[in-house]
Amino acid sequence: KKPTSSSVSSFSSALQNVYLLGFRWPFAETWTWKGAFFQDYKTKANYAHSSLGKTWGDHLSSELSFDLFSGGDDSLLGVYDKNDQISFKTTLAF
């Protein structure tokens with residue numbers, strides 16, 4: 001999808017007028033919840049990320065993540081509006 005505004009030129013421009021909030025909370029010895037949210041205060045476009053991770057041992061971990069995009073056609077994030085995603089990842093280090 002192509003943006004309808006000529007003011008959308010690069011991803012770095014999406015980070016110039018934003019509020020940003022992020023956190024990392026290890027709420028148990030093997031569990032961690034992470035999140036990030038930013039919103040462009042001019043176009044009201046926003047992005048939210050949340051993930052829940054579990055460490056199974058020294059070499060094995062898993063993570064469930066959500067990425068949500070929202071915005072109008074005049075914003076870069078709005079171009080990705082239909083690209084929300086959920087992912088699950090397992091990592092084995094050896």
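Hydrogens, waters and symmetry mates play no part in the numbers below; they use all other heavy atoms, side chains included. If you read the sequence from its start, that first residue is 1, and numbering goes on from there.
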Criterion side-chain contact (heavy atoms from CB on, under 4.5 Å) on Asn46 and Phe38, from CA distance to verdict: CA-CA 6 Å; Asn46 58 61; Phe38 70 85; over 6 Å; no
Distance (rounded to the nearest 0.5 Å) between Leu52 CG and Ser62 OG: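 Going from CG on Leu52 over to OG on Ser62, the span is 10.0 Å.
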Contact check, side chains of Thr91 and Leu60, non-hydrogen atoms, under 4.5 Å: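 Counting from C-beta outward, Thr91 and Leu60 never come under 4.5 Å.
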Validation row: Leu64, Ile86 side chains within 4.5 angstrom (heavy atoms):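 Answer yes - side chains close enough.
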With sequence neighbours excluded, residues passing salt bridge (Lys or Arg N to Asp or Glu O under 4.0 Å) with Lys34: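 By the salt bridge (Lys or Arg N to Asp or Glu O under 4.0 Å) rule, Lys34 matches Glu63.
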Any donor-acceptor pair under 3.5 Å from His59 side chain to Ala93 backbone: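 Looks like yes, one N/O pair under 3.5 Å.
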Donor-acceptor under 3.5 Å (Asp67 side chain, His49 main chain):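 Side chain of Asp67 to backbone of His49, a donor-acceptor pair under 3.5 Å: no, none is there.
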In one Ile/Leu/Val/Met/Phe/Trp/Tyr side-chain cluster, 4.5 Å: Leu68, Leu20: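 No; Leu20 is not reachable from Leu68 via cluster members.
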Shared hydrophobic cluster, Tyr47 / Val18 (ILVMFWY, side-chain heavy atoms < 4.5 Å):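 In one cluster: yes.
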Partner set under ring pair (Phe, Tyr, Trp, His ring centres under 6.0 Å) for Phe23, not counting sequence neighbours: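 Partners of Phe23 by the ring pair (Phe, Tyr, Trp, His ring centres under 6.0 Å) criterion, ordered by chain and then number, come out as Trp33.
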Between Lys54 and Thr30: side-chain donor-acceptor atoms closer than 3.5 Å: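 Short answer, yes.
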Pair Ser61-Trp56, side-chain donor/acceptor within less than 3.5 Å: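 Note: Ser61 and Trp56 side chains miss the donor-acceptor criterion.
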Parallel, tilted or perpendicular: ring planes of Phe27 versus Trp31, cut at 30 and 60 degrees: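 Rings of Phe27 and Trp31: parallel, under 30°.
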Aromatic centroids of Tyr41 and Tyr19 separated by under 6.0 Å: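 Under 6.0 Å, so yes.
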CD/Gln85: more than 12 non-hydrogen atoms of other groups inside 6.0 Å: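 Yes.
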